[in-house]
Engineer: 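Take this structure, written in structure tokens, and hold onto it; I'll ask about it next.
All values reported here derive from a predicted model rather than from experimental measurement.
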Amino acid sequence: PAWSAELDRYLWQRRVVTGISALADELKSILAETVEAMLDAGHLGPYFTSRGEGNAHWYFQNPGDLIGALAGAYPYLPAGMRPAVLAYMQSEMDHFAPWSDVQLHNSDPGTVRRNRHPLPDAMSSDRRENPWPRLHNCYALWNYADVTDDWQTLEENADAIVAFYEGHRDQRAVTYGQMSGCIGMARIARRLGRDQLVETACRDLQEALARGRDPATMREAAWQAYRLGRGPDDPFNVHGFFCLDLSPELARFINDHPPTRQQVLAVIEEGVWRYPMWFVSQASCFMRLYGESHAITPLYSKMIFPVKALVEQADPGQLLIWVDAEDAPLGDLFFLERLVLAIEAWGQADWRAVE
């Protein structure tokens with residue numbers, strides 16, 4: 001079918017950043033050092049946190065999040081590093097496929113722990129499953145192939161990727177990040193010549209965006225999906241779960257619809273007002289995300305920073321301050337995302353046709 005011109009803006013145009021100022025050079029150096037430490041370490045397990053009376057949590061259990069973070073960093077790494085980064089991502093996908101529901105665990109053979117300190121015996125096997133939505137892995141896979149030109153990996157695993165999408169389509173309207181999965185799948189399917197799947201993914205995105213116009217309707221679904229805190233209206237939580245894994249395309253969608261933009265920014269600003277140290281790693285505060293907690297969760301910067309960078313389009317100098325430092329001492333994927341967005345803020349963003 002002939003999709004609307006509005007939908008085409010999000011499906012078939014990609015954001016390209018050029019002319020990045022030398023003011024971002026230090027950020028690029030930090031990015032390279034952070035990725036180099038990951039390459040040196042090898043396969044990384046999840047990151048354990050316990051900052052309250054209960055609900056200890058693991059981050060980075062989804063292997064697709066690693067591919068998404070490194071694909072985002074790839075264009076801003078020194079050219080000499082990129083072959084090693086590509087090989088690292090290929091090795092990770094060979095053993096822990098982003099097109100599967102596999103969970104990463106520290107008890108997996110050959111795994112290096114992100115935590116520097118010994119873990120409690122009861123938590124050392126980290127077999128707590130984290131069933132968070134992961135349709136956004138399809139966008140990560142498209143971005144990986146787009147920046148590295150390694151379409152062969154996706155072609156060789158095409159049937160598994162399609163099956164993964166079909167099995168997670170019901171997540172498409174949970175968050176803006178999951179909507180990005182429809183975009184990624186449509187682009188992959190077009191490249192693979194699967195016209196029927198292109199049509200399905202386009203229709204899925206169209207349905208999801210209709211819901212995405214009203215963030216208020218997404219808050220309950222997002223909380224149900226992540227199940228952290230006491231509910232979507234708990235005053236001691238930031239209610240920005242629906243902004244997790246925000247892509248440039250969905251930020252563009254938000255900015256294209258002023259009432260939606262106003263609601264999104266209002267939610268985020270409420271979080272900033274309630275937790276003014278939201279960007280400081282492990283800042284002391286009271287919240288209920290881990291029961292009655294004593295320190296901020298890394299999820300808050302994951303919710304807030306991309307909205308500040310891509311929707312609000314905050315000043316690059318301010319973003320530099322908000323990058324702060326890693327929460328996980330090794331391979332912090334949220335930190336990588338902040339670095340990349342801060343680097344891109346020093347350049348000129350344009351929209352170009354997807355090849």
Side-chain angles (χ1 to χ4, degrees), residues 1 3-4 6-7 10-11 57-65 67-68 96-104 128-144 154 157-190 192 194-229 231-232 239-247 249-251 253-254 260 263-264 267 299 302-303 306:
W3 299 101
S4 68
E6 180 190 23
L7 200 64
Y10 315 125
L11 283 166
H57 194 72
W58 297 90
Y59 294 100
F60 317 138
Q61 283 192 296
N62 171 18
D65 291 339
I67 302 304
F96 304 95
W99 48 85
S100 73
D101 287 331
V102 65
Q103 297 282 93
L104 301 183
R128 291 188 175 192
E129 298 303 303
N130 176 358
W132 284 3
R134 57 174 68 186
L135 186 64
H136 64 282
N137 287 10
C138 293
Y139 184 88
L141 287 169
W142 165 78
N143 198 29
Y144 161 82
L154 273 59
N157 296 280
D159 290 343
I161 294 171
V162 172
F164 174 83
Y165 180 78
E166 292 289 353
H168 293 78
R169 287 176 58 212
D170 61 342
Q171 299 174 350
R172 60 188 179 273
V174 171
T175 70
Y176 289 120
Q178 305 316 308
M179 295 178 196
S180 299
C182 303
I183 296 173
M185 190 70 255
R187 294 173 180 178
I188 293 170
R190 188 172 74 166
L192 299 178
R194 303 204 177 198
D195 296 340
Q196 185 61 46
L197 183 56
V198 173
E199 181 178 339
T200 298
C202 291
R203 185 181 300 110
D204 286 348
L205 179 64
Q206 189 174 48
E207 294 173 358
L209 291 181
R211 182 172 181 173
R213 287 174 179 265
D214 182 12
T217 66
M218 299 173 62
R219 285 174 57 174
E220 174 69 26
W223 177 77
Q224 291 288 347
Y226 291 90
R227 282 289 181 180
L228 293 174
H239 305 303
F241 288 95
F242 61 89
C243 295
L244 289 172
D245 303 300
L246 183 69
S247 69
E249 289 84 352
L250 267 298
F253 166 78
I254 292 169
T260 303
Q263 290 185 60
V264 169
V267 170
L299 268 185
K302 175 70 171 170
M303 297 176 197

Engineer: Test of understanding: with ring-ring contact (aromatic ring centres under 6.0 Å, His included), list the residues that count as partners of F164, not counting sequence neighbours.
Structural biologist: H168
Engineer: I'd like to check I183 versus R187 (side-chain heavy atoms, cut-off strictly below 4.5 Å). Are they in contact?
Structural biologist: yes
Engineer: Listed by chain and number, what are the side-chain hydrogen bond (donor to acceptor under 3.5 Å, both in side chains) partners of D65, not counting sequence neighbours?
Structural biologist: N62, H136
Engineer: Any non-hydrogen side-chain atom of C202 less than 4.5 Å from a side-chain atom of L11?
Structural biologist: yes
Engineer: At their closest point, which heavy atom of V198 faces which heavy atom of A186, and how far apart are they?
Structural biologist: CG2-O, 3.8 Å
Engineer: Do Y165 and D204 get their side chains close enough for a donor-acceptor pair, meaning under 3.5 Å?
Structural biologist: yes
Engineer: Quick one, W58 and L104 - any side-chain contact, counting heavy atoms below 4.5 Å?
Structural biologist: no
Engineer: Working to the nearest 0.5 Å, report the span between CG of D214 and CZ of R219.
Structural biologist: 10.5 Å
Engineer: Using the six-membered ring wherever Trp is involved, compare the ring planes of W132 and H57 and label them parallel, tilted or perpendicular (cut-offs 30° and 60°).
Structural biologist: parallel
Engineer: Check side-chain hydrogen bond (donor to acceptor under 3.5 Å, both in side chains) between E207 and all other residues, then give those that pass, not counting sequence neighbours.
Structural biologist: R172
Engineer: Would a 4.5 Å heavy-atom cut-off, applied to side chains only, mark F241 and M218 as touching?
Structural biologist: no
Engineer: So that I can tick it off, tell me whether E6 and R213 are bridged by a salt bridge, with the cut-off set at under 4.0 angstrom between side-chain N and carboxylate O.
Structural biologist: yes
Engineer: Would a 4.5 Å heavy-atom cut-off, applied to side chains only, mark I67 and N137 as touching?
Structural biologist: no
Engineer: Parallel, tilted or perpendicular: which one describes the rings of Y139 and W142, with boundaries at 30° and 60°?
Structural biologist: tilted
Engineer: Going from CD1 on I188 to CG on L197, what distance comes out if it is rounded to the nearest 0.5 angstrom?
Structural biologist: 9.0 Å
Engineer: Nearest 0.5 Å please: distance from the CZ atom of R194 over to the CE atom of M185.
Structural biologist: 8.0 Å
Engineer: Salt bridge check, D245 against R134: does any charged N sit closer than 4.0 Å to a carboxylate O?
Structural biologist: no
